[in-house]
Trainee: 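Here you go, one structure.
Values below: all heavy atoms of this structure, side chains included; hydrogens, waters and symmetry mates excluded. Note that ligands are numbered from 1 as they come in the structure, with each ligand's atoms numbered from 1 the same way.
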Amino acid sequence: MLKKRLEGKVALITGAAQGIGEETAIVLAREGAMVIVSDINDELGKGVASKIGASAIYLHLDVRSEKDWAHAMAVILEKFFKLDILVNNAGVTGFQEGFGPQDPENASLESWREVHAVNSDGVFLGCKYALQTMKNNPGSSIINISSRSGLVGIPGAAAYASSKAAIRNHTKSVALYCCSQGYNIRCNSIHPAAILTPMWEPMLGNGPDRKDRMAQITKDIPMQKMGMPDDVANAVLFLASDESKYLIGIELTIDGGLLAGAGAPPAKAE
Ligand SMILES: NC(=O)c1ccc[n+]([C@@H]2O[C@H](COP(=O)([O-])OP(=O)(O)OC[C@H]3O[C@@H](n4cnc5c(N)ncnc54)[C@H](O)[C@@H]3O)[C@@H](O)[C@H]2O)c1
């Protein structure tokens, strides 16, 4: 029988109660990893772990909290003796209720900080604790979920874009640091766009114009459709596995072709 791609590996996924994180947990477990499903939404997170079965446990982990990270690493070492894979996936857009406007002129400092606390502080803490835990392993992988928004400006979601750009850059610092220290830990970032998950619900809504809103999103995507969580989960699987053993500091875009061209293509000559 063929060996599974992550046989014997232990993987921690943040924000895994739904969406991309949930699908990633399912895919990594299917490929033989022991999976730690973590989130702040304990009810949904426990549901994901029990759906996966014996190869998953649920752990409460608020990525903003250093205490939670220390606790998570202690539990993982006690139960599984090592950590091989960290997927820093938890993220917020700033479009949640009460966050107010997200443009550079009107966003509040409080909401700017809150978005960065989850997206960039969370990834910083995750990498920090993972390095300390993984540095004596023969081969480990950290995958940071950034966004297309970390590569281009987004006027209506400035904090999100800035926090995702920080993830892109920090990934490269971590990757190079690991080389300089002789740690066998690879670190790469993934840049999805327009993946249909609950994150889009506040933007799509449930009103009669949901279809029009969806069409508005897909019309600018060269592939003319949104991506699905497994499109990202399968890329995580590749970066988590030893198949990508010579890849560090890369930024892998998963966006139906959005970044392959220009938003304002030259007009066709009449
Ligand atoms: N869906 C997309 O189109 C898209 C595009 C680009 C990037 N991303 C990124 O992919 C990742 C997953 O996105 P998604 O679409 O599945 O989102 P989602 O909103 O469906 O899921 C995000 C999960 O993160 C959890 N979370 C929020 N704050 C947290 C915290 N402080 N600590 C721990 N968990 C927390 C939520 O409870 C939720 O389960 C995010 O980082 C997002 O920015 C998504």
Side-chain angles (χ1 to χ4, degrees), residues 12-27 36-49 58-69 71-72 86-97 99 102 111 113-126 129 143-152 154 157 159-168 170-171 189-204 213-214 217-218 220-221 223 225-233 235-236 251-256 258-259:
L12 168 62
I13 302 146
T14 67
Q18 63 180 33
I20 291 169
E22 173 181 7
E23 188 63 24
T24 298
I26 293 168
V27 167
I36 296 103
V37 172
S38 72
D39 208 285
I40 47 172
N41 188 328
D42 298 333
E43 201 186 322
L44 281 185
K46 282 177 189 165
V48 172
Y58 175 74
L59 204 59
H60 178 92
L61 168 55
D62 183 335
V63 297
R64 297 167 295 186
S65 160
E66 188 152 11
K67 211 169 114 231
D68 279 11
W69 277 106
H71 175 253
L86 169 64
V87 187
N88 279 314
N89 166 76
V92 292
T93 53
F95 295 145
Q96 306 92 295
E97 229 175 271
F99 271 55
Q102 292 297 306
S111 79
R113 284 186 174 148
E114 184 49 35
V115 171
H116 282 80
V118 179
N119 296 356
S120 41
D121 296 2
V123 170
F124 158 72
L125 287 171
Y129 279 83
I143 297 114
N144 293 330
I145 308 297
S146 175
S147 172
R148 163 186 175 260
S149 308
L151 300 168
V152 297
I154 308 286
Y160 183 70
S162 159
S163 63
K164 291 294 184 178
I167 296 173
R168 169 189 175 272
H170 192 59
T171 298
S189 60
I190 291 185
H191 300 257
I195 308 295
L196 191 55
T197 68
M199 181 176 265
W200 281 89
E201 290 309 320
M203 292 163 266
L204 288 169
R213 290 186 186 199
M214 179 74 90
I217 295 163
T218 53
D220 293 328
I221 302 172
M223 289 182 81
K225 60 180 180 187
M226 292 187 82
M228 300 307 286
D230 70 323
D231 293 317
V232 181
V236 173
E251 40 200 75
L252 179 56
T253 56
I254 303 175
D255 65 355
L258 262 174
L259 284 163

Trainee: At a non-hydrogen distance cut-off of under 4.0 Å, which region of Lys164 contacts ligand 1 (side chain, backbone, both, or neither)?
Mentor: side chain

Trainee: Measuring from the heavy atoms of Asn89, does anything fall under 4.0 Å of ligand 1?
Mentor: yes

Trainee: Give the residue, atom name and distance (to 0.1 Å) of the protein heavy atom nearest atom 44 (C) of ligand 1.
Mentor: Ile20 CD1, 3.8 Å

Trainee: Can you find a heavy atom in the side chain of Trp200 that is under 4.5 Å from one in the side chain of Met214?
Mentor: no

Trainee: Quick check on contacts: which atoms of ligand 1 are under 4.0 angstrom from a heavy atom of Leu61?
Mentor: 32 (N), 33 (C)

Trainee: Taking only heavy atoms of Ala194, which atoms of ligand 1 are found under 4.0 Å from at least one of them?
Mentor: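 Reading through ligand 1 atom by atom, the close ones are 3 (O).
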
Trainee: With rounding to the nearest 0.5 Å, note down the distance linking CG in Asp39 to CG in Leu61.
Mentor: 8.5 Å

Trainee: State, without any angle test, whether Ser189 and Asn144 hold a side-chain donor-acceptor pair at a distance under 3.5 Å.
Mentor: no

Trainee: Do the non-hydrogen side-chain atoms of Gln102 and Tyr160 ever get within less than 4.5 Å of each other?
Mentor: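 Answer no - side chains too far apart.
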
Trainee: Within a distance under 4.0 Å of any heavy atom of Pro198, pick out the atoms of ligand 1 and give their elements.
Mentor: 20 (O)

Trainee: With heavy atoms only and a cut-off of under 4.0 Å, state how Ser146 meets ligand 1: side chain, backbone, both or neither.
Mentor: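 Backbone only.
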
Trainee: Answer with yes or no whether the side chains of Asp42 and Tyr58 bring together a donor and an acceptor at under 3.5 Å.
Mentor: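 There is such a pair between these side chains.
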
Trainee: State whether the shortest distance between N or O atoms of Asn41 and N or O atoms of ligand 1 falls below 3.5 angstrom.
Mentor: no

Trainee: Around atom 6 (C) of ligand 1, find the nearest protein heavy atom and jot down its residue, atom name and distance.
Mentor: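 Minimum-distance protein heavy atom for atom 6 (C) of ligand 1 reads Pro192 O, 3.0 Å.
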
Trainee: Starting from atom 10 (O) of ligand 1, what is the nearest protein heavy atom, named by residue and atom, and what distance separates them?
Mentor: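 For this ligand atom, the closest protein heavy atom is Ile145 CG2, 3.3 Å.
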
Trainee: Measure the spacing between OG1 of Thr14 and CG of Leu86 and express it to the nearest 0.5 Å.
Mentor: 6.5 Å

Trainee: Hey, does Val63 come in under 3.5 Å of ligand 1, counting only N/O atoms on both sides?
Mentor: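 By distance alone, the answer is yes.
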
Trainee: Which atoms of ligand 1 are found less than 4.0 Å from any heavy atom of Gly19?
Mentor: 16 (O)

Trainee: Considering only heavy atoms, does Val232 approach ligand 1 within less than 4.0 Å through its side chain, its backbone, both, or neither?
Mentor: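 Within the 4.0 Å criterion, Val232 makes no contact with ligand 1.
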
Trainee: Side chain or backbone, does Ile195 bring an N or O within less than 3.5 Å of an N or O on ligand 1?
Mentor: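 Indeed, backbone or side chain, Ile195 has an N or O that close.
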
Trainee: So which heavy atom in the protein is nearest atom 27 (C) of ligand 1, and how far is it from that ligand atom?
Mentor: Val92 CG1, 3.9 Å

Trainee: What residue and atom, counting heavy atoms only, is the protein's closest point to atom 37 (O) of ligand 1, and at what distance?
Mentor: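 In this structure, atom 37 (O) of ligand 1 has Asp39 OD1, 2.6 Å as its nearest protein heavy atom.
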
Trainee: Among side-chain atoms of Glu251 and Ser146, is any donor-acceptor pair under 3.5 angstrom?
Mentor: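 Their side chains do not contain a donor-acceptor pair, so the 3.5 Å distance test is not met.
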
Trainee: Kindly say whether Ile20 contributes a backbone atom to a donor-acceptor pair with the side chain of Glu22 at under 3.5 angstrom?
Mentor: no

Trainee: Run down the list Phe95, Tyr160, Trp200 and name the one with the heavy atom closest to atom 2 (C) of ligand 1.
Mentor: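 Ranked by closest heavy atom to atom 2 (C) of ligand 1, first place is Trp200.
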
Trainee: Using a strict cut-off of 4.0 Å, indicate which atoms of ligand 1 neighbour a heavy atom of Arg64.
Mentor: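 With Arg64 as reference, the close atoms of ligand 1 come out as 31 (N).
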
Trainee: Going by the order shown, which atoms of ligand 1 are within less than 4.0 Å of some heavy atom of Ala17?
Mentor: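 Going through ligand 1 atom by atom, the ones under 4.0 Å from Ala17 are 39 (O).
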
Trainee: Please tell me if the side chains of Leu196 and Leu204 come closer than 4.5 Å, counting only heavy atoms from C-beta onward.
Mentor: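 With C-beta onward as the side chain, the pair touches.
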
Trainee: Within the 4.0 Å heavy-atom shell around Ala90, which atoms of ligand 1 are there?
Mentor: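 Atoms satisfying the 4.0 Å criterion: 24 (O), 33 (C), 34 (N), 35 (C), 41 (O).
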
Trainee: Would you mind reporting whether Phe124 and Ile167 have side-chain heavy atoms less than 4.5 Å apart?
Mentor: no

Trainee: In the protein, what heavy atom is nearest to atom 24 (O) of ligand 1, and what distance, to one decimal place, separates them?
Mentor: Gly15 CA, 3.5 Å

Trainee: Under 4.0 Å from a heavy atom of Asp62: which atoms of ligand 1 are those, numbered in the order shown and with their elements?
Mentor: 30 (C), 31 (N), 32 (N)

Trainee: Please state which protein non-hydrogen atom is closest to atom 13 (O) of ligand 1 and give its distance, to 0.1 Å?
Mentor: Met199 CE, 3.8 Å

Trainee: Evaluate the side-chain proximity of His191 to Arg168: yes if any heavy-atom separation is below 4.5 Å, no if none is.
Mentor: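 Yes. Closest side-chain heavy atoms under 4.5 Å.
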
Trainee: Evaluate whether atom CE of Met203 has more than 12 neighbouring non-hydrogen atoms of other residues, nucleotides or ligands under 6.0 angstrom away.
Mentor: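 For Met203, atom CE is crowded (more than 12 foreign heavy atoms under 6.0 Å).
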
Trainee: Would you name the heavy atoms of Ala233 and Val27 that are closest together and state the gap between them?
Mentor: CB-CG2, 3.8 Å

Trainee: Specify the protein heavy atom at minimum distance from atom 20 (O) of ligand 1: its residue, its atom name, and the distance to 0.1 Å.
Mentor: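 Checking every protein heavy atom, the shortest distance to atom 20 (O) of ligand 1 gives Gln18 NE2, 2.9 Å.
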
Trainee: If you measure every N or O of Arg148 against every N or O of ligand 1, does any of those distances drop under 3.5 Å?
Mentor: no

Trainee: Using side-chain heavy atoms (C-beta onward) and a distance below 4.5 Å, is Leu259 in contact with Leu151?
Mentor: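 In contact.
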
Trainee: Any idea which of Leu196, Ile217, Thr197, Val48 brings a heavy atom closest to atom 15 (O) of ligand 1?
Mentor: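 Selected option, by shortest heavy-atom distance: Thr197.
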
Trainee: So, Ser38 versus His60: side-chain donor-acceptor pair below 3.5 Å or not?
Mentor: no

